[in-house]
Amino acid sequence: MDMKQKIILICGPTGIGKTHFAIHLAQAFDGEIIGADSMQIYKYMDIGTAKPDADECRMAPHHLIDFVKPDQAFDAGRYIRHADAAIAALVSRAKLPLIAGGTGFYLKALLHGLFRERTADRLVLDRLERERESKGAKALHDRLIQMDPEAAKRIHPNDAFRVIRALEVLEVTGKPISSHQQSHGFSEERYDTLKFGLHMERSLLYKRIDLRVDLMISQGFVDEVKGLLERGYSCELKSMQSIGYRHMCDYLKGNLPWDEAIRLMKRDTRRYAKRQFTWFRSQKEMIWLEPSETKKAEQLVSEFLSTSIS
RNA sequence: GCCCAGGUAGCUCAGUCGGUAGAGCAGGGGACUGAAAAUCCCCGUGUCAGCAGUUCGAUUCUGUUCCUGGGCA
């Protein structure tokens, strides 16, 4: 029988201390860390994404970080392929893979796969997007009601992003997205996973977030964003529309006064952390720990590694 | 000490010609199948500062106490 590869997963909201926690386990179990973060993948975006620094990378090697240019397309499907390869490479060197990150969708995709092997059709998406601009989101949703009532029921008319995707899938594959989703159902278990979710009192986390934003500023975050613009990476890029980067763009373009830019950057980071909690809370078999409970985590990892699948 | 203006949601305030109240911001909950740090949905009970009085009924009127800000001494 084929045994699924054992991996450790560490997730939690931004700023809670995933990196530190993961490094601790990596050192304790001869492991290496594979990031699961949709923004830390980008080169030149270091301060604002809170990438692990040189010291931290020395303490434990990190993978899937800092390897994509800010204007290159990336998505969950590509993430799976890279992560699978990284896991296989670690296993071949007898290293324990520790997946650490805050992008819930990437983690879910890695653990359960996605319903189809092809990437979204950019041309079709763009055409639908233009149609939304001229006819409105409601018109697209009305069409979805006709063509895929099942999906239309689950997607809110205002969520143009998902309405467009559903129409694109229908057009490109000839099958409604709802039937793809139904037959896939995230039922596949691609790895044997021990899942840690880090949590702490909300007000405490928010204080840490506010402090971390101030720290980013003192580390030269504004210059980092200026540097990106000088390299030709515009504010319209998806990567540059992320938290912090979009706020600095607005400040540099004169759309926001400094204090307001900082205030909004902190607020939006807090809201992001809240959304991450919502995402991770709904995941099954999550072991919730405080970031300081590394001893307990070690114990659980030991037990996990000593049991074989039967 | 005196005079004036206030004390209403976590914050800034609106309002009730007497029938127990609502905006913005902050915040909370949720969704999520190849753009996910994105995208989208839902959520406002709070001794209307305390006490007493008038009234069928007071957060609203009256008195008084306390607190805050400003002015005069």
Side-chain angles (χ1 to χ4, degrees), chain A residues 11 13-15 35-42 45 48-51 68 70-83 101-122 124-126 128-129 132 137 141 150-151 153-166 168-169 172-173 175-188 202-203 205-206 209-210 212-213 216 236-248 260 263-283:
Chain A
C11 61
T14 187
D37 188 299
S38 65
M39 290 300 145
Q40 289 183 358
I41 59 169
Y42 293 116
M45 298 175 66
T49 62
K51 258 182 217 166
V68 178
D71 58 352
Q72 278 180 308
F74 200 81
D75 54 58
R78 286 174 234 234
Y79 175 75
I80 297 175
R81 286 192 286 282
H82 280 95
T103 303
F105 184 41
Y106 283 12
L107 292 169
K108 188 170 187 177
L110 178 64
L111 266 39
H112 303 290
L114 295 166
F115 69 72
R116 110 191 138 129
E117 283 299 313
R118 30 188 319 179
T119 182
D121 190 326
R122 200 63 252 174
V124 177
L125 290 175
D126 287 346
L128 287 164
E129 174 59 28
R132 182 194 67 81
H141 190 260
E150 200 53 38
K153 218 186 321 175
R154 304 181 61 228
I155 302 172
H156 190 97
N158 291 348
D159 197 351
F161 180 94
R162 289 194 168 73
V163 173
I164 287 174
R165 169 97 249 261
E168 181 261 339
V169 167
V172 174
T173 71
K175 272 175 66 184
I177 193 170
S178 58
S179 76
H180 282 110
Q181 291 174 333
Q182 197 169 18
S183 56
H184 179 271
F186 290 118
S187 53
E188 186 189 2
R202 193 72 64 95
S203 60
L205 179 66
Y206 285 0
I209 285 171
D210 289 351
R212 195 175 69 164
V213 168
M216 285 174 180
E236 281 67 48
L237 290 169
K238 180 187 65 144
S239 53
M240 293 292 274
Q241 283 297 308
S242 60
I243 294 168
Y245 295 90
R246 67 165 178 265
H247 300 96
M248 289 303 112
E260 188 65 357
R263 202 199 115 238
L264 293 175
M265 178 172 166
K266 288 176 177 173
R267 182 198 68 181
D268 292 344
T269 307
R270 281 184 239 121
R271 288 180 173 177
Y272 172 49
K274 187 177 96 67
R275 266 178 279 134
Q276 288 176 302
F277 269 128
T278 299
W279 182 284
F280 295 128
R281 259 194 305 241
S282 69
Q283 304 305 304

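In what follows, every chain begins at residue 1, and chains take the letters A, B, ... in the order their sequences are listed.
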Exercise for the section: Give a yes or no answer on whether the side chain of A:Gln276 reaches the backbone of A:Gly102 with a donor-acceptor pair at less than 3.5 Å. Expected result: yes
Problem - Any A:Arg263 side-chain N or O less than 4.0 Å from OP1/OP2 of B:rA26 - result: yes
Handout entry: Under 3.5 Å on both distances, the Watson-Crick or G-U partner of B:rC56
Key = B:rG19
Completion exercise
Against the side chain of A:Arg270, the closest entry in B:rG28, B:rG27, B:rU33 is B:rG27
Exercise for the section: Determine the Euclidean distance between corresponding P atoms of B:rC67 and B:rC25; express it in Å to zero decimal places. Expected result: 35 Å
Problem - Sugar-phosphate, base or nothing in reach of A:Gly185, heavy atoms under 4.0 Å - result: base
Exercise for the section: For A:Tyr79, report the nucleic acid contact type (base, sugar-phosphate, nothing); a contact means any heavy atom under 4.0 Å. Expected result: nothing
Problem - Base-pairing assignment for B:rA38 (Watson-Crick or G-U wobble, both under 3.5 Å) - result: none
Handout entry: C1' spacing across the pair B:rG53 / B:rG18, given as an integer number of angstrom
Key = 15 Å
Practice task
Identify whether any heavy atom of A:Gly48 sits under 4.0 Å from a base atom; if not, whether one sits that close to sugar-phosphate; answer base, sugar-phosphate or nothing.
Solution key: base
Completion exercise
With the side chain defined as heavy atoms from C-beta on, A:Arg267 is closest, among B:rA31, B:rC25, B:rA35, to B:rC25
Exercise for the section: Return the value, rounded to whole Å, for the distance between atom CZ of A:Phe277 and atom P of B:rG28. Expected result: 10 Å
Handout entry: Length of the line joining A:Ile164:CD1 and B:rA35:C1', which is rounded to integer Å
Key = 11 Å
Practice task
For A:Phe74, report the nucleic acid contact type (base, sugar-phosphate, nothing); a contact means any heavy atom under 4.0 Å.
Solution key: sugar-phosphate
Exercise for the section: Could I get the full list of side-chain hydrogen bond (donor to acceptor under 3.5 Å, both in side chains) partners for A:Arg281, not counting sequence neighbours? Expected result: none
Exercise for the section: Figure out the NE2/P separation between A:His184 and B:rU33, and round it to whole Å. Expected result: 12 Å
Practice task
Could you measure between the two C1' atoms, the one in B:rA23 and the one in B:rC40, and give it in whole Å?
Solution key: 24 Å
Handout entry: B:rA21 versus B:rG1 - spacing of their P atoms, nearest Å
Key = 38 Å
Problem - Whole-angstrom distance between B:rG44 and B:rC3, as gauged at atom C1' - result: 39 Å
Fill in the blank from the handout: Closest to the side chain of A:Lys274, out of B:rA36, B:rG29, B:rA35, is B:rG29
Problem - Whole angstrom value for the distance that separates C1' of B:rC32 from CZ of A:Phe186 - result: 8 Å
Handout entry: P-based separation of B:rG19 from B:rG24 [nearest Å]
Key = 24 Å
Practice task
Report which part of the nucleic acid A:Ser239 touches: base, sugar-phosphate, or nothing (heavy-atom distance under 4.0 Å, all strands).
Solution key: nothing
Practice task
Return the value, rounded to whole Å, for the distance between atom CG of A:Asp126 and atom P of B:rA35.
Solution key: 11 Å
Problem - A:Thr269 versus A:Arg212, side-chain donor and acceptor atoms under 3.5 Å - result: no
Exercise for the section: Starting at atom CG of A:Leu111, determine the distance to atom P of B:rU33, rounded to an integer number of angstrom. Expected result: 17 Å
Handout entry: 4.5 Å side-chain heavy-atom contact, A:Met265 and A:Met216
Key = yes
Problem - Heavy-atom donor-acceptor pair, A:Thr278 side chain to A:Lys274 backbone, under 3.5 Å - result: yes
Exercise for the section: Classify the angle between the aromatic ring planes of A:His112 and A:Phe186 as parallel (below 30°), tilted (30 to 60°) or perpendicular (above 60°). Expected result: perpendicular
Exercise for the section: Determine the interatomic distance between P on B:rA35 and the same-named atom on B:rG30; round to the nearest Å. Expected result: 25 Å
Problem - Contact summary for A:Ile155 and A:Val163, nearest pair of heavy atoms - result: CG2-CG2, 3.6 Å
Handout entry: Rounded distance in Å - CZ (A:Phe280) to C1' (B:rC32)
Key = 13 Å
Practice task
Take atom CZ of A:Phe115 and atom C1' of B:rC32, then tell me their distance rounded to the nearest Å.
Solution key: 13 Å
Practice task
Could you check whether A:Lys108 gets within reach of a base, just the sugar-phosphate, or nothing at all, counting any heavy atom under 4.0 Å?
Solution key: nothing
Handout entry: Comparing A:Leu264 and A:Arg281 on RNA chain B - which has the more 5′ nearest nucleotide
Key = A:Leu264
Exercise for the section: Look at the rings of A:His82 and A:Phe74 and say which category their plane angle falls in: under 30° parallel, 30 to 60° tilted, over 60° perpendicular. Expected result: tilted
Practice task
Looking at every strand, decide which applies to A:Thr278 at a 4.0 Å heavy-atom threshold: base, sugar-phosphate, or nothing.
Solution key: base
Polar atom pairs (N or O), protein with nucleotides 38-41 of chain B, under 3.5 Å:
{"residue": "B:rA38", "atom": "OP1", "partner": "A:Arg246", "partner atom": "NH1", "Å": "2.9"}
{"residue": "B:rA38", "atom": "OP1", "partner": "A:Arg246", "partner atom": "NH2", "Å": "3.3"}
{"residue": "B:rA38", "atom": "OP2", "partner": "A:Arg275", "partner atom": "NH1", "Å": "2.6"}
{"residue": "B:rA38", "atom": "OP2", "partner": "A:Arg275", "partner atom": "NH2", "Å": "3.1"}
{"residue": "B:rA38", "atom": "N1", "partner": "A:Arg162", "partner atom": "NH2", "Å": "3.0"}
{"residue": "B:rU39", "atom": "O2'", "partner": "A:Asp159", "partner atom": "OD1", "Å": "2.5"}
{"residue": "B:rU39", "atom": "O2", "partner": "A:Arg162", "partner atom": "NH1", "Å": "2.7"}
{"residue": "B:rC41", "atom": "OP1", "partner": "A:Asn158", "partner atom": "ND2", "Å": "2.6"}

Handout entry: First encountered from the 5' end of RNA chain B, between A:Lys238 and A:Gln182
Key = A:Gln182
Practice task
Identify whether any heavy atom of A:Tyr42 sits under 4.0 Å from a base atom; if not, whether one sits that close to sugar-phosphate; answer base, sugar-phosphate or nothing.
Solution key: nothing
Practice task
Please round to the nearest 0.5 Å and tell me the distance separating atom NE2 of A:His247 and atom NZ of A:Lys266.
Solution key: 12.0 Å
Exercise for the section: Using the test side-chain hydrogen bond (donor to acceptor under 3.5 Å, both in side chains), find all partners of A:Glu188 that sit at least two apart in sequence or belong to another chain. Expected result: none
Problem - Base partner of B:rU68, which must satisfy Watson-Crick or wobble distances under 3.5 Å - result: B:rA5
Exercise for the section: Between B:rU60 and B:rG15, how far apart are the C1' atoms? Round to whole Å, please. Expected result: 10 Å
